[in-house]
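Throughout, residue positions are numbered sequentially from 1 according to the sequence presented. For the numbers below, each heavy atom of this structure counts, side chains included, while hydrogens, waters and symmetry mates do not. Given the structure is predicted, the values throughout are model-derived calculations rather than measurements.
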Amino acid sequence: MRQTGILSVFSLYLCSRALNDRQMKKRYIILPLLCICTAMTAQDNIKTHRHSEDSTDVFFRHLNLNEVTVTGVTGDTKLKHATAPVSIVTPQVLRATASTNIIDAISHQPGISQLTTGGSISKPIIRGLGYNRVVVMSEGVRQEGQQWGDEHGVEVDGSSVGSVEILKGPASLMYGSDAMAGVVILHPQAPLPEGEMRANVSSEYQTNNGLFHYSLQMAGNQNDFVWDARYGEKMAHAYKNKYDDYVPGSQFRERTGRLMLGVNKEWGHSRLTGTIYHLTPGIIEGERDEDTGELISNLSSLTSYKKALPFQQVKHYKAVWDNSLNLPSGYLKAIIGYQQNRRQEFEESMDEYELYFKLHTLTYDIRYITNEWNGWKLSTGIGGMYQKSGNEGEEYLIPDYRLFDFGVYATATKSLGDRWTLNGGVRYDHRRLHGDELMEDGEQRFTDFSRHFNGLTGSIGAVCNINEHFNLRLNLARGFRTPNMSELASNGVHEGSIRYELGDQQLKAEYSLQADLGLDFTSRYVSAQLALFANRINHYIFTHRVAEEIEEGYLTYAYTQGDARLLGFEAGVDFHPIHSVHFSNTFSYVDARLTSDDKYLPFTPAPHWSSELKWELFHHSHTTVNHHHTTDAAHRSVFNNLYIAAGLDCYLKQTHIYDVDDTETVTPGYALLSLSAGTDIQIKRKKVAELYITADNLLDKAYQNHLSRLKYADENTVTGRRGVYNMGRNITFKVVVPIKL
C-alpha cells in the first residue's frame, strides 16, 4: 500500500496549497486523476493484504453497500445498477453525526451543501442548485412547506429519519417539476420484524448553544399489526463565535411527534402516519451598536432559552396513507398525503403576528412496477398535487394562490447479462397557478393572474459492471421546473432574509439538460469514485440587487432569469493501509455561469475538500479468527464498535460570485478541524447504550460559509467586518439507549 499512501499524502499537500492558490481553476482537474490513479495502484496491492476477510472490515461492508436497494431512481433497484449518481447515508452515520437539523446532518456528503440562516434553518443544495430545484421526500410524499424562502427550512424531525438517499441530477422523470437538481429522500425507520417490540431513548447536548434534545420512541409488530410512536423536544439558546460572541436571534425551540399504525400482510401493507412539527426560531437581524459594534439584543440573557422578538412560529402537520398491493406480475403502490404548513412572524408583540402564511397541500402518487422478466422491468404511474395558500396577517409578501398539477410517466429497465443495465423513461407534466388580487389602503398590492405550464421530460442511462471492482455509469436527463409564487409575484419585506423582494409574472419555466459520467472502484480495502456532470439550464431564475429602495432600511432584490451552464465533479478515495484504520478524502467542485454575459451564478458553493482518518478499535459482531487470536475477549469487553476519528473540512476561497450591484461578496477560504469518538456499551454481550462525542470546529475558527444568508447583515463599524459569523467550537454529547420489550 506504499504507493497509495504517497498519493494520499500528495492529495493533502495539493488541497492545502489550493487554499491560497489563485489559479484554482487550472488545477481542479488534478484531483479526479489522482483518485483514478489511487484506485488503479491500490488494485495491485490488494493481493498483498494479509488480513482475514470478515464483516468487521471497513471495505467489506462498503462492498455490501452495492447490494443495497435504492428507490429514488426508477423504482426499486440495487445501487450498483443505478445509472444516476446516488448517495446513501446509513442509520449509523446519522446517529454518529452532530447536527442541529436533518439537512445539516447530510451536508457533508459529496456534492451536497446547505444554505443556512442561523442554527435551526438549513436548505439542501445539490451541485450548486437549491430552493425549489430540490425535492425533499418524507414519509413517501414530497415535503411542501413554503420552501421558496431563504429562512424556510425542512420541517422534518431528524430523529425520525432512518436513512437518507440523495439523488444527484434531474429527477423530474419520477418526481415532476422542482426535481431539477435532485431529490433528498428521508426514509423513516423500517417496521420491526414480526413478534418484536422495542423502545428507544436518546438524548443530546451541545456546548456552544446549549442545545438539549431528547427523543422517546416505542415500536412493535404483533400479529402483522405494526406501530411506531415517537415524541421529541429540542431547545437551544443563542450560539456564539470568536468575533460576534453570542448571536441574538439564533435561539430556537422544536417539538415533534410521529405515530404510524398499519398492517403487514401477504397481500402487501397499509400504513397511516401522522406527524406534528413545531419550530420557534428567532430571527437574526444582525443590527449593531454604532459605537461598540456589538449585536443588538432584546434578550436579558443570551443564554436564555426563551423566545424574544422578532421570531417565527412554524407549525407543520402531515397525514400520509401508504398502501402497497402485491400482484402476480408486480405490485401496485398508492400514497396519498395531506400537509398543512403555518408560518407566523412576530415583530412588535409576543401575541400578535404581522405575517401569517397558511399552506394546504394534497399530494397523490399511484404507480405500478412489474417484476423482472427476461431482464426487463417496467413501471408507470401518475402523480400530482393541489395547493392552496392564504395570508392571514397584516403584512404581505406573496398573494393568496392556488396550484394544481399532475404528471404521467413510464420507465423501463433492461439487464443485459451480468454486466450491462439500461434504463430510461418519459414524463409529461401540467401545472396551473392562480394568484389573487389584493388591494391595500386603496392601492393594488397584487394583481389577479393565472399561468399555465407544460413540461415533457425524460432520461436515458446505462451502467456497466466491468468486473466485481469497477462500475461505469452514464446518464442523460432533461429536467423541468415552473416558477414558484414567490418568484412570480413577491412584493414585500422578507424579514428572515432582511430584504425587500419583487417578483416577475412573465418568468418562463426552467428546462435543463444534464449529462453524468461516473466511475466507481470498490474492493475490500480501497474504494474510489469519480462523478463528472455538465448541466445546461434555459431560463434560469435568480435574484439580483436593484438600486431602488422601496422600504427604508431594506435592500431591494428582484427576480430575473437567463440561460446558465454548470460544470463540476465529485471525487473521492477511501482506503486503509492496516486493519480497522481508514483514510477517506472527497472533493466537490462546481462552476456555474450565465451564458449570456459569462457572469457567475449567485450562491454557488465554494470548492470543498473533506478528509477523515478513522480508527476502529473494537468492531466485532461475531467470533472471528484474526492473526491466530480469537475475538472472544472483545465480546467480554464493555465496549464494542469503538472508534475514534479526526476530520478536516476545507472550503476554498470563493471568488466566483455574482457581483452586479454588490449582490454577492467574495468569501475567504477556511479549514475546520473535528474530533469524534463513539462506542456501544454492552453488558453480557447485550448492547445497553450507544455513546457519541464530537468536537466540531475544534480550533474555534471564525468563518462565514459562502451560503450563509447572515454574511450580508450590518457591518461592524469598529472592526470593519460585515455580517454575522458561523458557530464557533461546539462539543456534542449523545447517548442512545435501546430497550427490547
When you measure from the side chain of Asn208 to the backbone N and O of Arg729, does any donor-acceptor pair fall under 3.5 Å?
yes
Where the side chain of Lys734 meets the backbone of Arg95, is there a donor-acceptor pair that is under 3.5 Å apart?
yes
Using only heavy-atom distances, determine whether the side chains of His360 and Gln339 contain a donor-acceptor pair under 3.5 Å.
no
Within the supplied structure, the quantity of interest is the number of heavy atoms (other residues, nucleotides, ligands) at a distance under 6.0 Å from Glu294 CD; does it exceed 12?
no
Any donor-acceptor pair under 3.5 Å linking the side-chain atoms of Asn101 with those of Asp104?
no
Tell me if the aromatic rings of Phe311 and Phe346 count as close, with their centers under 6.0 Å from one another.
yes
Would a 4.5 Å heavy-atom cut-off, applied to side chains only, mark Leu502 and Asn491 as touching?
yes
Under a plain distance cut-off of 3.5 Å, with no hydrogens placed, do Ser215 and Arg230 share a side-chain donor-acceptor pair?
yes
Under a plain distance cut-off of 3.5 Å, with no hydrogens placed, do Arg343 and Gln312 share a side-chain donor-acceptor pair?
yes
Hey, does the side chain of Arg445 reach the backbone of Tyr396 with a donor-acceptor pair shorter than 3.5 angstrom?
yes
Looking at Leu115, Thr667, Leu710, Asn726, which hits side chain to side chain contact (heavy atoms under 4.5 Å, CB included) with Asn705?
Asn726
Nearest-0.5 Å distance that lies between atom CZ in Arg709 and atom OG1 in Thr116
10.0 Å
Should Arg499 and Tyr712 count as side-chain neighbours, where that means a heavy-atom distance under 4.5 Å?
no
Positive for side chain to side chain contact (heavy atoms under 4.5 Å, CB included) with Arg342, one of Gln313, Gln146, Lys358
Lys358
Any side-chain heavy atom of Thr665 within less than 4.5 Å of one from Arg722?
yes
Cation-pi geometry met for Arg481 and Tyr540 (6.0 Å, 45°):
no
Run the salt bridge (charged side-chain N to carboxylate O under 4.0 Å, His left out) check on Glu664 and Lys711 step by step: do they pass?
CA-CA 9 Å; Glu664 274 191 300; Lys711 270 187 61 183; over 6 Å; no
CD of Glu352: more than 12 outside heavy atoms within 6.0 angstrom?
no
Return yes if some donor-acceptor pair links the side-chain N/O of Glu345 with the main-chain N/O of Pro310 below 3.5 Å, else return no.
no
N/O donor-acceptor pair under 3.5 Å between Thr543 side chain and Ala558 backbone
no
Do any N or O atoms from the side chain of Thr604 and from the backbone of Ala592 form a donor-acceptor pair under 3.5 angstrom?
no
Can any side-chain N or O of Lys307 pair as donor or acceptor with the backbone N or O of Met350 at less than 3.5 Å?
no
Do Tyr725 and Tyr243 have their ring centres less than 6.0 Å from each other?
yes
Any side-chain donor-acceptor pair under 3.5 Å between Asn484 and Asn132?
yes
Using a 4.5 Å cut-off on heavy atoms from C-beta on, say whether the side chain of Tyr559 contacts that of Glu501.
yes
Hydrogens and angles aside, do Glu254 and His278 bring a side-chain donor and acceptor to less than 3.5 Å of each other?
no
Find out whether Asp178 and Arg142 are in side-chain contact, i.e. whether some heavy atom of one side chain is under 4.5 Å from a heavy atom of the other.
yes
Just by modelled atom types, is the Glu548 backbone N or O under 3.5 Å from a matching donor or acceptor in the Thr556 side chain?
yes
Would you say Gln340 and Lys315 are linked by a side-chain donor-acceptor pair, where the criterion is simply a distance under 3.5 Å?
no
Lys234 with Glu204: basic N within carboxylate O range, under 4.0 Å:
no
Below 6.0 angstrom between ring centroids: does that apply to Phe357 and Trp148?
yes
Ignoring hydrogens and angles, state whether a donor on the side chain of Thr361 or Glu144 is under 3.5 Å from an acceptor on the partner side chain.
no
Val183 versus Val134: any side-chain heavy-atom pair under 4.5 Å?
no
Side chains of Ser301 and Thr303: any donor to acceptor distance under 3.5 Å?
yes
Is the side chain of Glu354 donor-acceptor paired with the backbone N or O of Glu347 at a distance under 3.5 Å, no angle test?
yes
His187 and Glu165: side chain donor to acceptor below 3.5 Å:
yes
Would a 4.5 Å heavy-atom cut-off, applied to side chains only, mark Val666 and Gln654 as touching?
no
Do Asn697 side-chain atoms and Leu672 backbone N/O form a donor-acceptor pair below 3.5 Å?
no
Assess whether atom NZ of Lys306 is packed by more than 12 heavy atoms of other residues, nucleotides or ligands within 6.0 Å.
no
For Tyr353, enumerate each residue passing the ring pair (Phe, Tyr, Trp, His ring centres under 6.0 Å) test, keeping only those at least two apart in sequence or located in another chain.
Tyr356
What I want to check is whether the side chains of Asp157 and Thr256 have a donor and an acceptor closer together than 3.5 Å.
yes
Applying side chain to side chain contact (heavy atoms under 4.5 Å, CB included), run through Met235 and Leu211 and close with a yes or a no.
CA-CA 6 Å; Met235 63 189 76; Leu211 183 147; over 6 Å; no
Could you tell me whether Tyr600 and Tyr658 have their ring centroids closer than 6.0 angstrom?
no
Looking at Lys701, I'd like to know if its NZ atom is crowded, meaning that more than 12 non-hydrogen atoms belonging to other residues, nucleotides or ligands lie closer than 6.0 Å.
no
Would you check if Val184 and Met137 make a side-chain contact, meaning some heavy-atom pair closer than 4.5 Å?
no
Using a strict threshold of under 4.0 Å (side-chain N to carboxylate O), is an ion pair present between Glu155 and Lys318?
no
Using the benzene-type ring in the case of Trp, are the ring centres of His237 and Phe252 under 6.0 Å apart?
no
